[in-house]
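Below you'll find the structure, written out as structure tokens, and then a few comments.
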Amino acid sequence: MPGSSRAGGLLATAVPGATGGEETVARSVIECRDLSKTFVVLDSQSIWRVMFGGESEKGFPALRSVALQVREGEFLGVLGRNGAGKSTLLRTLGGVYAPTSGTVKVAGPVSAIYELGMAGNELLTGCDFARRWLSLNGTGRWRVDRLLSEIADFAELGAYFENPIHTYSAGMKARLFFSVATSLPGQIYLIDEVLSVGDEHFQAKCWRRLRERLATGASGILATHDWTTVLKLCREACVLERGRIVDRGSSPAVVHRYLGLPQPRGHAAAFAAHLPSVYGAVAEEDMTLSFPIDVKVSSPVCFACSVESFRQGIGWSHLLQVEPRLVASAPGLYDIEVAIPLLPLCPGEYSLNLFLSERRSEGTFVTLDVRSWAYGNDVPLAVTGKPRESVTVLPLRWRDRRTLS
Amino acid sequence: MSYRIRVEGVTKRYELATSGPLPRAARSLLRLLGVRHRAARGVDHKVALDDVSFSVAEGERVGIIGENGAGKSTLLHLLAGVAAPTNGSVEVDGRVHAALTLGLALREDLTGRENLYLDAEVQGRTRSETDAVIDRMIGFTDLGDFIDQPVRTYSSGMKARLAFTSLVFVEPEILLLDETLSAGDYWFSQKATRAVRELCSKGRIVMLVSHDLESIVNMCSRCLWLDGGRLVADGDPSQVTAAYRERVRERDEAETAAKFSTLGQAWMLDSAAWIKRVTVGSSRRPGAASVLSVGEDAWIRVELSVDQVRDDHDLRLWVERLDGLRVTENRWSESSVNPLAGRVEVVADMVPMILGPGLYRVQAELLNGESMLATAGVVFKVVAERNLVGGQPALWVPFEVSCRPRVAAER
């Protein structure tokens, strides 16, 4: 989806112009070519050979000629299932592992959050850990105190900030590490699965901070198996499989191929072939959309739909959702009408996702036909109207002012 | 009725070492000298479970809920025999298999396959019994060639998958699960949830600690609610979880109010124009609130004071989700031409409030043209009784869906 030039302003904390979609070609901050990493597999024979510097024929190739490039001001998503080589890739880029072959170029200070654990002394208190990390990253003493109080605030550890790290729960550790690693702006972040920890409130804060950092020129790599986080942060993504990059492109397209959802055949019920190729609506006015469907069976057919958006600086957001509703239970041609009073969307382009499913007796749904970005066939919804500096608009009703005594 | 698990009057007290004012060496010296002051002990107590009693019969699937630190994990530890109660008795009759921390029992230097065999033997299976299911087990792990690599080469997700597999195939009589269903990636956690459902349907006792209330309602026949180490409710999952939700909501309200009372940034240019306060509330309950429910009628009230009457004064309201998503921007001038002057109160109604669950901040800005004169804000939380089917949208808009047959002439 094209990002609008106003996109920067939609994020409350964005610095105007910093995210700009029409920038000149940014320099690349991470670049690797033909990167391979092979781990030596030790057994009773090879261990002697390896000890005396010989070549071992047994090895496990964790990365195989990986080439990627991250431009300044962008996060690249790396998707892959467990064991695909995501952690190895990040560690190799971060300098923890030396590559077996190939080149890694990283232009700038790196801040890495590896799988919820950083190299660190667990006997240190949270505060000492943060202090050490900051001084390792070259922060002057006069800045450290201010940053420390910011870190303590963000991590919400309270008095625990002065306790040793080994007394922390996993969630507390994650909070500390995230707060410390993202305390300095303008760094190159290497993030490994960190955003799935902590409670909802802390996750929201993490997102906010990452987006802030992104808006002020941070860049990096987000490695995860959770495709939703990639959609939220990254414009481009690639898929790692058995150490190889097997797919790359814009995030929604990559996620669509990564999920590999089988397109239903539409035998039992389907959206009509003459479904409009684009729908239009006006912001803050009543909207009615009509979807022709063709039902060929006499079982309960349900309809659901959602409106989602992909915008630069905000990423994927799921905005509106209609839960499955029974629309037909006999064969025939039907028109489904969806009415929303005072459409709460701002002008822009959205993705309309439509689902037809059959409700089984046990309350589960069997998908019959889909039009969705996750299947690569969503329907655009173009909203026109008065521009606003937000993503959505609530239908607020102002009462007349009342003078206070 | 015969009970397989009987817990009577159980109390568990942990001693916490505190990092007091004295270094450890000085403390032990003082203790040797017989000083009994708290500073010398350097030890605090935490009562993790406080006089808990219940019994579980054959075939019961018990969900355990409660906030962090309520004693849920301690209870499972006692049932598993990892810890002993300080007071009271725990009787368990049957083979217990506990997944308290996934992957704890894996031997790093053995391969995945060897770990599966070893674990089965620890559980009392013969080698030939394991041989019969080993291929199915390896298929379930989805580890491919990695199964013959040492476990230390696995990533954390792969370890979780291996550990979970050995758990499912042991067919335990009593299964204790601590928040383990989210292990591994999306595909695996789906498979894990299905496997646990199957175990449940075989009539085993399953005790499941989870924060996911819906899965408790779906999977359990009974629900225990622990609060501060005490058992406060024991009964039908949907009733207990509903009561728990209400309590969490009340506590949320107090916490949100306390935590974010300072977060609504407020400042003004001069005392000629300022915003005294911003409050939100529900039409159902009197007064201001910090927690609202999706779909109820709610309002945002701004009290402000402007000395001079000027035409280009305007009030702007932002609503922003705490992760930075700007949900709305509305202006007073869109609805009214009346100037804002004197000490006035302005109310914006949200009928109904369609924000999805989450934390939000309302920020009111008093504008003079495009420049800001004063601002103030407040944080509130939105909760929902249930999750929507098919996703968690930012806005919960009431849709109307109708369907009518197409007229034959149009065909």
Side-chain angles (χ1 to χ4, degrees), chain A residues 10-13 39 41 60 81-83 87 115 163-164 200-201 203-205 207-208 211-212 225-226 292 303-304 306 314 317-325 327-328 332-341 344 355 388-404, chain B residues 19 143 146 149 153-158 161 184-188 300 303 317-330 332 335-336 338 340 342-351 354-355 358-359 388-395 397-406 411:
Chain A
L10 298 174
L11 188 64
T13 46
F39 288 106
V41 176
F60 170 71
R81 300 191 57 181
N82 299 143
S87 305
E115 260 183 279
N163 283 10
E200 229 174 292
H201 155 66
Q203 274 186 31
K205 267 177 43 174
W207 276 113
R208 188 198 177 92
R211 286 171 176 162
E212 267 174 45
H225 60 69
D226 179 4
F303 167 81
S306 70
I314 295 161
S317 25
H318 191 117
L319 297 174
L320 310 175
Q321 168 84 29
V322 179
E323 294 191 280
R325 307 229 182 138
V327 287
L333 297 171
Y334 298 87
D335 279 319
I336 298 174
E337 284 206 339
V338 175
I340 308 176
F355 306 88
R388 283 184 187 273
E389 292 176 52
S390 55
V391 180
T392 57
V393 53
L394 294 188
L396 289 187
R397 273 212 319 252
W398 295 86
R399 288 184 217 163
D400 200 12
R401 81 219 139 110
R402 195 164 67 87
T403 308
L404 298 172
Chain B
S19 46
L143 286 173
F146 273 101
Q149 296 294 334
T153 63
Y154 287 16
S155 71
S156 54
M158 294 160 72
R161 269 148 62 173
D185 54 24
Y186 170 77
W187 287 275
F188 192 76
I300 301 168
E303 286 171 50
L317 276 186
W318 292 110
V319 178
E320 183 189 309
R321 208 161 64 182
L322 223 57
D323 65 356
L325 185 80
R326 274 206 167 154
V327 184
T328 198
E329 174 238 7
N330 286 68
W332 166 254
S335 76
S336 171
N338 290 336
L340 296 166
R343 269 179 42 69
V344 289
E345 174 197 274
V346 171
V347 178
D349 282 309
M350 303 184 276
V351 203
I354 55 170
L355 294 172
L359 275 169
L388 280 190
V389 176
Q392 292 307 313
L395 303 178
V397 179
F399 282 89
E400 256 176 51
V401 178
S402 58
C403 185
R404 53 192 164 72
R406 209 169 310 155
R411 287 199 183 183

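Numbers restart at 1 for each chain; the letters A, B, ... are given by sequence-line order, proteins then strands.
- For B:P398 against A:P341, the heavy-atom pair with the smallest separation is O-CD, 3.6 Å.
- With a 4.5 Å cut-off on side-chain heavy atoms, A:L396 and B:M350 count as touching.
- For chain A, the option among B:V319, B:L355, B:L340, B:I300 with the highest count of heavy-atom pairs below 4.5 Å is B:L355.
- Contacts of B:F146 classified as ring-ring contact (aromatic ring centres under 6.0 Å, His included), with partners at least two apart in sequence or in another chain: A:F60.
- Atoms CZ and OG, from A:R325 and B:S402 in turn, are 10.0 Å apart once rounded to the nearest 0.5 Å.
- At least one side-chain heavy atom of A:L320 sits under 4.5 Å from a side-chain heavy atom of B:F399.
- Considering only heavy-atom pairs separated by less than 4.5 Å from chain A, the leading option among B:V346, B:L143, B:L395 is B:L395.
- Here the shortest heavy-atom pairing between B:E329 and A:S390 reads N-OG, 3.5 Å.
- For the atom pair CH2 (A:W398) and CG (B:N338), the distance works out to 13.0 Å, reported to the nearest 0.5 Å.
- Among B:R321, B:R404, B:Q149, B:E303, the residue making the largest number of heavy-atom pairs under 4.5 Å with chain A is B:R404.
- Considering every non-hydrogen atom in both A:Y334 and B:C403, the closest pair reads CB-SG, 3.5 Å.
- Of the listed residues (A:I336, A:I340, A:V338, A:L394), the one with the most heavy-atom contacts under 4.5 Å to chain B is A:L394.
- Taken to the nearest 0.5 Å, the CG atom of A:L404 stands 5.0 Å off from the CZ atom of B:R343.
- Neither the backbone nor the side chain of A:S306 has a heavy atom closer than 4.5 Å to any heavy atom of chain B.
- Remark: B:E400 engages A:A339 in a side chain to side chain contact (heavy atoms under 4.5 Å, CB included) (not counting sequence neighbours).
- Within the 4.5 angstrom heavy-atom criterion, only side-chain atoms of A:F303, from C-beta onward, approach chain B.
- No side-chain heavy atom of B:R326 sits under 4.5 Å from any side-chain heavy atom of A:R388.
- No side-chain heavy atom of A:L319 sits under 4.5 Å from any side-chain heavy atom of B:V397.
- The only option from B:N330, B:I354, B:D349 that meets the side-chain contact (heavy atoms from CB on, under 4.5 Å) definition with A:P395 turns out to be B:I354.
- Heavy atoms of A:P324 lying under 4.5 Å from chain B belong exclusively to its side chain.
- For A:R401, the parts lying near chain B are the backbone and the side chain together; criterion is any non-hydrogen pair under 4.5 Å.
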